[in-house]
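As a basis for the values below, the full set of heavy atoms in this structure was taken, side chains included, without hydrogen atoms, waters or symmetry mates.
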Amino acid sequence: MALRRFHRLLKLQRYSKVINTSESTATISALDGFLNVYIWRKLCGDSVENLKKLPFFPQHPDEEKVADVLHIEDNAQDYGQRIFGFIHPPRSDSYLFGVASDDSSELWLSPSENPRDKQLIARVFKPHSIAWTKVGQLDKYSDQVSKTAFKLERGKKYYIEILHKQIKGAGFVQVFRRKSDDLNFNMITADHISTYRKAPAVARKEAIPTVLSKRFQNSLQIKSANGTKNDYFKFYSLPFIPTEKFLPSCDYKTTRQKVPRFQGIKWVISSHVWPEDDTTMGLDNENIVTRANLKVDELLVESVVDQIMSSIKRLNSE
């Protein structure tokens with residue numbers, strides 16, 4: 001392990017120097033050999049769109065880490081991740097890119113180091129179904145490999161981003177590239193990647209007040225500017241919208257494998273409320289046992305309400 005790290009440091013030092021080539025003299029940015037990884041846990045749904053619709057995407061993950069190769073494995077259930085940073089071409093050439101994953105994924109590439117210029121170039125996707133591939137499999141779906149080759153220059157860096165949605169099973173995502181004279185695709189390794197050096201992510205729990213305030217501040221300003229003082233306090237009715245358009249499609253999962261006899265009665269009469277309503281357990285006038293209402297988690301309530309309101313607002317603004 002120590003020897004491997006020593007070789008890695010030698011490579012980083014080599015790439016941070018000025019390199020003389022037959023094409024030009026270019027300074028290659030120092031490579032740290034990693035990409036940023038943001039992960040959102042307990043995220044249901046079977047496509048990358050479920051990740052994109054999350055109010056806390058793309059800046060407020062549950063977890064933040066780095067990866068030293070574009071082959072990331074995570075066998076947990078119901079999560080989404082965003083892997084991003086820069087790739088550094090080993091030489092000026094035309095490159096094809098490919099992506100493999102379990103489950104679905106999208107591969108984005110920018111023609112520059114600016115993330116705003118990124119384009120969707122490949123994906124693991126199947127309409128109305130769960131898309132997935134085996135490790136190293138690039139021929140299952142027609143969109144897995146980029147349709148055109150991208151001319152990249154040595155000495156420059158290019159922003160790359162991968163979005164990955166996993167349901168359950170052997171979760172992974174891989175990104176490959178092929179130079180003009182390569183016979184096969186090769187996986188992008190630490191020798192040619194670097195992190196996106198910006199401020200660290202703000203965890204979802206800490207970002208809740210900020211996300212909520214930004215999301216609704218603009219609409220409140222518009223309403224107050226367009227209406228009178230009395231109009232501002234009116235109730236704004238909205239049309240009914242099918243739930244499948246703004247809530248992710250998630251299979252119901254019971255917390256118990258087997259419900260004992262009479263146990264169902266207990267769960268029916270045990271209500272969950274928020275905020276706490278100070279109910280207590282005791283006997284009523286007919287000597288029937290009453291149970292206190294259980295308090296539900298505040299963050300869970302805010303998250304559900306935020307998703308519903310954000311979706312309604314988005315659909316009504318279209």
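No side-chain heavy atom of Phe176 sits less than 4.5 Å from a side-chain heavy atom of Ile188. The closest side-chain heavy-atom distance from His88 to Ser194 is below 4.5 Å. A 4.5 Å side-chain heavy-atom check between Ile160 and Phe84 finds every atom pair outside the cut-off. Between Leu96 and Phe185 the shortest side-chain heavy-atom distance falls below 4.5 Å. Inter-residue side-chain proximity for Asp103 and Asp46 is flagged as unmet; no heavy-atom pair is nearer than 4.5 Å. Between Ser180 and Lys151, every side-chain heavy-atom pair lies at or beyond the 4.5 Å cut-off. Counting heavy atoms from C-beta on, the side chains of Asp102 and Val135 never come closer than 4.5 Å. Side-chain atoms of Arg197 and Asp32, non-hydrogen and from C-beta on, do get closer than 4.5 Å to each other.
Atom CD1 in Ile312 sits 12.0 Å away from atom CD in Gln307 (nearest 0.5 Å). Going from atom CG of Asp93 over to atom CZ of Arg154 covers 12.0 Å, rounded to the nearest 0.5 Å. Residue Asp62 holds its CG atom at 8.5 Å from CH2 of Trp40, rounded to the nearest 0.5 Å. Rounding to the nearest 0.5 Å gives a distance of 8.5 Å between CZ of Arg177 and CG of Leu152. Expressed to the nearest 0.5 Å, how far CG of Leu163 lies from OG of Ser47 amounts to 11.0 Å. Separation of atoms CD (Gln166) and NE2 (His164) is listed at 5.0 Å; rounding is to 0.5 Å.
There is no path of hydrophobic side-chain contacts, each under 4.5 Å, that joins Phe97 to Met187. A single hydrophobic cluster is not seen to contain both Trp108 and Leu70; linkage of ILVMFWY side chains at heavy-atom distances under 4.5 Å, directly or through other members, places them apart. Both Ile87 and Val173 are part of a single hydrophobic cluster, where members link through side-chain heavy atoms under 4.5 Å apart. The hydrophobic cluster containing Tyr38 also contains Phe57, counting ILVMFWY residues as joined when their side-chain heavy atoms lie under 4.5 angstrom apart, directly or transitively. Cluster annotation: Ile193 is connected to Val37 through the hydrophobic network of ILVMFWY side chains, with a link wherever side-chain heavy atoms come within less than 4.5 Å.
Of all heavy-atom pairs between Thr133 and Ala100, the closest is OG1-CB, 3.5 Å. Contact between Ser101 and Ser105 at its shortest, heavy atoms only, is OG-OG, 2.7 Å. The two residues Trp274 and Glu298 come nearest to each other via the heavy atoms CZ2-CG, 3.2 Å. Looking at every heavy atom in both residues, Gly85 comes nearest to Asn36 through CA-OD1, 4.4 Å. Of all heavy-atom pairs between Ile72 and Ala67, the closest is CD1-CB, 3.7 Å.
Between Tyr158 and Phe86, the distance separating the two ring centers is not shorter than 6.0 angstrom.
Remark: side-chain polar atoms of Gln144 are paired, donor with acceptor, to backbone N or O of Val99 under 3.5 angstrom.
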*Step by step, would you call Tyr79 with Gln77 a side-chain hydrogen bond (donor to acceptor under 3.5 Å, both in side chains)?*
CA-CA 6 Å; Tyr79 69 86; Gln77 294 187 17; over 6 Å; no
*Go through the steps for His192 and Thr189 under the test side-chain contact (heavy atoms from CB on, under 4.5 Å), then give the verdict.*
CA-CA 6 Å; His192 306 292; Thr189 61; 4.3 Å; yes
*asked:* Pair Asp306, Ser310 - check side-chain hydrogen bond (donor to acceptor under 3.5 Å, both in side chains), show working.
replied: CA-CA 6 Å; Asp306 182 45; Ser310 300; 3.2 Å; yes
*Yes or no on side-chain contact (heavy atoms from CB on, under 4.5 Å) for Leu43 and Leu51, after CA distance, side-chain angles and deciding distance?*
CA-CA 7 Å; Leu43 177 62; Leu51 174 61; 3.8 Å; yes
_Determine whether Lys156 and Glu113 satisfy the following criterion, salt bridge (Lys or Arg N to Asp or Glu O under 4.0 Å), listing intermediate values before the conclusion._
CA-CA 8 Å; Lys156 293 185 178 181; Glu113 61 184 76; over 6 Å; no
Do any side-chain atoms of residues 119-126 form donor-acceptor pairs under 3.5 angstrom with protein atoms, and if so which ones, sequence neighbours left out?
from, atom 1, to, atom 2, distance (Å)
Arg123, NE, Asp143, OD2, 3.4

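Paired with Glu106 under the rule salt bridge (charged side-chain N to carboxylate O under 4.0 Å, His left out), one option of Lys165, Arg82, Lys52 passes, and it is Lys52.
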